[in-house]
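Below you'll find the structure, written out as structure tokens, and then a few comments.
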Amino acid sequence: VETGRRRLLALIEGARAVLPFTGAGISTECGIPDFRSPGGVWTKNAPIDFRDFVARRAMRDEAWRRRFALEEQFGAAQPGRGHHALASLWRAGRAPAVVTQNIDNLHQASGVAAQDVVELHGNTTYALCLSCAARYEIAWVRERFDATGHAPDCACGGHIKTATVSFGQAMPEAEMRRAEELTLRCDLFLAIGSSLVVWPAAGFPLLAKRNGARLVILNREPTEFDEIADLVVHADIGDVLAPLVSH
Ligand code: NAD
């Protein structure tokens with residue numbers, strides 16, 4: 001941990017623009033399990049495909065039932081040491097933004113301005129109408145569900161879904177473009193807490209590397225891209241990043 005941290009600090013100090021890119025691993029210490037570790041979300045339920053969500057009311061009800069069951073996790077979670085460290089990097093002007101695959105809103109909660117959190121997979125702390133994009137709060141959807149036994153639809157007739165990107169659903173264009181620009185402009189790309197197997201998100205560390213940036217991978221387990229990285233730290237994210245704040 002100590003050696004990895006020292007090398008990471010040296011790289012950050014020598015960098016012009018740092019781009020943190022985060023995955024579920026940065027939030028596990030906040031009580032939100034990742035997907036692929038043992039006990040992770042997918043060991044319990046197969047994900048619901050976007051087409052099924054749109055096509056069948058029973059699927060929408062099931063998706064919402066699962067979301068309500070996670071409210072204790074997402075509703076109560078507070079940012080962890082990794083989030084705070086990245087927020088201080090952002091505040092210091094060393095990182096222009098944070099690109100994240102996470103949907104838990106914890107980078108915003110740690111103080112990074114919402115416009116500088118680039119959410120590739122959306123956000124599960126609120127909901128949107130799939131037709132008119134009206135915003136709904138989770139608590140409101142839950143009240144309607146409890147009263148009627150079904151997920152409510154929007155006043156416009158569209159279906160209401162958490163503001164996340166499901167399998168089979170299009171990636172958000174503006175966020176993908178912004179993430180690409182940030183990736184091409186950084187000279188140090190920090191992949192933190194991601195198994196780097198979910199595409200197209202996993203393309204960003206690769207693009208950074210091809211574009212000449214240094215690539216650091218901080219993750220407890222080995223990842224797909226360890227062999228092309230300039231520095232690989234297999235350790236706990238909070239342990240490695242916490243001292244960054246004082247720097
Ligand atoms: P992943 O589950 O595939 O990989 C997470 C990685 O983090 C694992 O390799 C694990 O070893 C590592 N890790 C876990 N805790 C760690 C710690 N404390 N220190 C160091 N490493 C740690 O997650 P992913 O790559 O982000 O892809 C999963 C997809 O699931 C993402 O697209 C994301 O949208 C979604 N997801 C999000 C959340 C969230 O918002 N917090 C949680 C679960 C899944």
Side-chain angles (χ1 to χ4, degrees), residues 1 4-5 8 20-50 63 66-67 69-86 98-110 112 117-126 138 161-172 175-176 179 189-206 216-226 229 231-244:
V1 174
R5 184 190 295 146
L8 175 56
F21 169 91
T22 63
I26 197 170
S27 298
T28 52
E29 75 170 26
C30 312
I32 300 173
D34 60 17
F35 271 3
R36 292 172 183 78
S37 295
V41 183
W42 285 355
T43 53
K44 300 187 187 108
N45 277 319
I48 293 174
D49 195 86
F50 183 65
R66 290 184 193 176
R67 176 58 186 82
L70 294 176
E71 188 52 21
E72 264 173 62
Q73 272 172 33
F74 286 111
Q78 297 295 323
R81 292 172 295 168
H83 298 99
H84 289 302
L86 298 183
V98 176
V99 176
T100 188
Q101 302 174 78
N102 294 343
I103 56 175
D104 54 26
N105 207 52
L106 289 179
H107 288 297
Q108 293 93 325
S110 72
V112 181
V117 181
V118 182
E119 294 175 317
L120 297 177
H121 295 158
N123 190 311
T124 195
T125 64
Y126 60 94
I138 305 296
K161 181 178 171 294
T162 54
T164 48
V165 180
S166 297
F167 283 99
Q169 189 172 4
M171 295 291 287
E175 282 78 1
M176 286 297 285
F189 189 102
L190 307 179
I192 299 171
S194 173
S195 55
L196 304 177
V197 298
V198 179
W199 287 80
F204 292 111
L206 206 58
V216 174
I217 295 178
L218 168 55
N219 201 60
R220 206 151 50 194
E221 290 168 308
T223 77
E224 301 279 301
F225 297 136
D226 282 7
L231 173 64
V232 178
V233 185
H234 288 156
D236 182 79
I237 293 162
D239 289 349
V240 173
L241 293 187
L244 252 171

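Counting convention: from 1, in listed order, for ligands and their atoms alike.
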- Query: If you count the atoms of ligand 1 from 1 in the order shown, which ones are under 4.0 Å from a heavy atom of Gly193?
  - Reply: 5 (C), 6 (C), 7 (O)
- Task: May I have all residue pairs that pass side-chain hydrogen bond (donor to acceptor under 3.5 Å, both in side chains) and include part of residues 189-199, sequence neighbours excluded?
- Result: Gln101-Ser194
- Task: Please say whether Pro33 places an N or O atom under 3.5 Å from an N or O atom belonging to ligand 1.
- Result: no
- Query: Are any side-chain N or O atoms of His84 and backbone N or O atoms of Arg81, one a donor and one an acceptor, separated by less than 3.5 Å?
  - Reply: no
- Return the option from Pro222, Ser194, Ala201 holding the heavy atom at the smallest distance from atom 25 (O) of ligand 1. Ser194
- Taking heavy atoms and a distance under 4.0 Å, where does Arg220 meet ligand 1: side chain, backbone, both or neither? both
- Does any N/O atom on Ile103 come nearer than 3.5 Å to any N/O atom on ligand 1? yes
- Message: With nothing but distance in play, are any N or O atoms of Val198 less than 3.5 Å from an N or O of ligand 1?
- Response: no
- Task: Decide if the gap between the ring center of Phe189 and the ring center of Phe204 is smaller than 6.0 angstrom.
- Result: no
- Message: Applying a heavy-atom cut-off of 4.0 Å, say which part of Ile237 lies close to ligand 1: side chain, backbone, both or neither.
- Response: both
- Query: Quick one: does Ala24 get an N or O within less than 3.5 Å of an N or O on ligand 1?
  - Reply: yes
- Task: For ligand 1, indicate whether the residue Ile32 contacts it via side chain, backbone, both or neither (heavy-atom separation under 4.0 Å).
- Result: side chain
- State plainly whether the residues Asp239 and Arg220 are in salt-bridge range, i.e. N to O under 4.0 Å. no
- Going by atom types alone, do Thr164 and Thr124 pair a side-chain donor with an acceptor below 3.5 Å? no
- Message: Between ligand 1 and Ala235, can you find any atom pair, the residue atom being a heavy atom, that is separated by under 4.0 Å?
- Response: yes
- Contact atoms of ligand 1, heavy-atom distance to Thr28 under 4.0 Å: 14 (C), 15 (N), 16 (C), 17 (C), 18 (N)
- Task: Quick one: look at Ser195 and ligand 1, take heavy-atom pairs under 4.0 Å, and tell me if it's side chain, backbone, both or neither.
- Result: both
- Item | Residue list, side chain to side chain donor-acceptor pair (under 3.5 Å) with Glu71, at least two apart or on another chain | Arg67
